[in-house]
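First up is the structure itself, then whatever we jot down about it.
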Amino acid sequence: MRKFQSLFLFIPLFSVLTGCPVGIDYPIANPGTEKIDKNLIGRWSQSNTEMEVLKMEIEKVNDNTLKVTVLERGSMYLEEVDVFKAWCTKIDGQQFVYLQNYNSDTSDYFHYAYKFDGKDLLTYDISLLDGGVDAVTSTEAFQSQIRTSMIKPEFLSEETRWTKE
């Protein structure tokens, strides 16, 4: 599958945030090594009931890790869990958040691109447009796929606008 779809903030968040989540064995960066984006902290909601997540809460665990809790599921939510740990990274100026089941260090990762528009949070599914998900054989290979894909206009899709409560 060439399109790498996933709720914001992360798994549920991104899975939650937008599109149909696709888990990947590898994270987009090394979890817990980069500072969190404190602007993500808070309760966020969006009104499109066809999305995976309608409401989520993002909390600080420590300087490098966030906790994302899905407070209200949408009709497309497929995950069995509602709580995720999340991390932030930036690649070539683009901000990303990636999530994993809070209680598992071996579950798949979900990845989203994000930015802020005033006080609103915008999250996006990302598409791997070169080798696709099959080319992701390591974190380094994942970053290479991101860099190759982000120069194409269809890299970001499924914009979701989140409002802070």
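Computed from a predicted structure; not experimentally measured.
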Quick check: does any side chain N or O of [X] sit under 3.5 Å from a backbone N or O of [Y], one acting as donor and the other as acceptor?
X	Y	result
K35	C88	no
T65	V61	no
Y26	T137	yes
K164	I41	yes
S104	N101	no
Q145	G131	yes

What I'd like to find out is whether the side chain of [X] reaches to under 4.5 Å of the side chain of [Y], using heavy atoms alone.
X	Y	answer
M150	Q94	yes
K85	V68	no
T69	E59	yes
Q143	I91	yes
Y114	L122	no
F116	N39	yes
Y109	D25	no
F110	Q100	no

For this session: Evaluate the side chain to side chain contact (heavy atoms under 4.5 Å, CB included) criterion for residues V70 and Y77: first the C-alpha distance (whole Å), next the side-chain angles of each, then the deciding distance (0.1 Å), finally the verdict.
Result: CA-CA 10 Å; V70 175; Y77 195 84; 3.7 Å; yes
Return the [atom1] to [atom2] distance between [X] and [Y], rounded to the nearest 0.5 Å.
X	Y	atom1	atom2	answer
R161	T163	CZ	OG1	7.5 Å
T123	Q95	OG1	CD	12.5 Å
T139	I146	OG1	CD1	11.5 Å
K60	L40	NZ	CG	13.0 Å
S107	E80	OG	CD	11.5 Å
H111	D108	NE2	CG	9.5 Å

Problem set entry | I24 and V133: CA distance, side-chain angles, deciding distance, side chain to side chain contact (heavy atoms under 4.5 Å, CB included) verdict | CA-CA 7 Å; I24 293 190; V133 175; 4.1 Å; yes
Between [X] and [Y], is any side-chain donor less than 3.5 angstrom from a side-chain acceptor?
X	Y	answer
T160	Q46	no
S45	E165	yes
E159	Y124	yes

Exercise. Are D37 and K115 within salt-bridge range, i.e. N to O under 4.0 Å?
Worked result: no
Exercise. Between R73 and D82, is there a salt bridge with N-O shorter than 4.0 Å?
Worked result: yes
Tell me the closest heavy-atom pair linking [X] and [Y], and the distance in Å.
X	Y	result
W87	N64	CD1-O, 3.1 Å
L54	T49	CD2-CA, 3.6 Å
E154	L129	CG-CD1, 3.5 Å
Y98	P27	CE1-CB, 3.7 Å
W44	D120	CZ3-C, 4.3 Å

Exercise. Are Y102 and L71 connected in the hydrophobic side-chain network, where two residues link if heavy atoms are under 4.5 Å apart?
Worked result: no
Problem set entry | Candidate pair S149 and S127, rule side chain to side chain contact (heavy atoms under 4.5 Å, CB included), full reasoning | CA-CA 7 Å; S149 298; S127 298; over 6 Å; no
Exercise. Between F96 and K90, is there a cation-pi geometry (under 6.0 Å to ring centre, at most 45° from the normal)?
Worked result: no
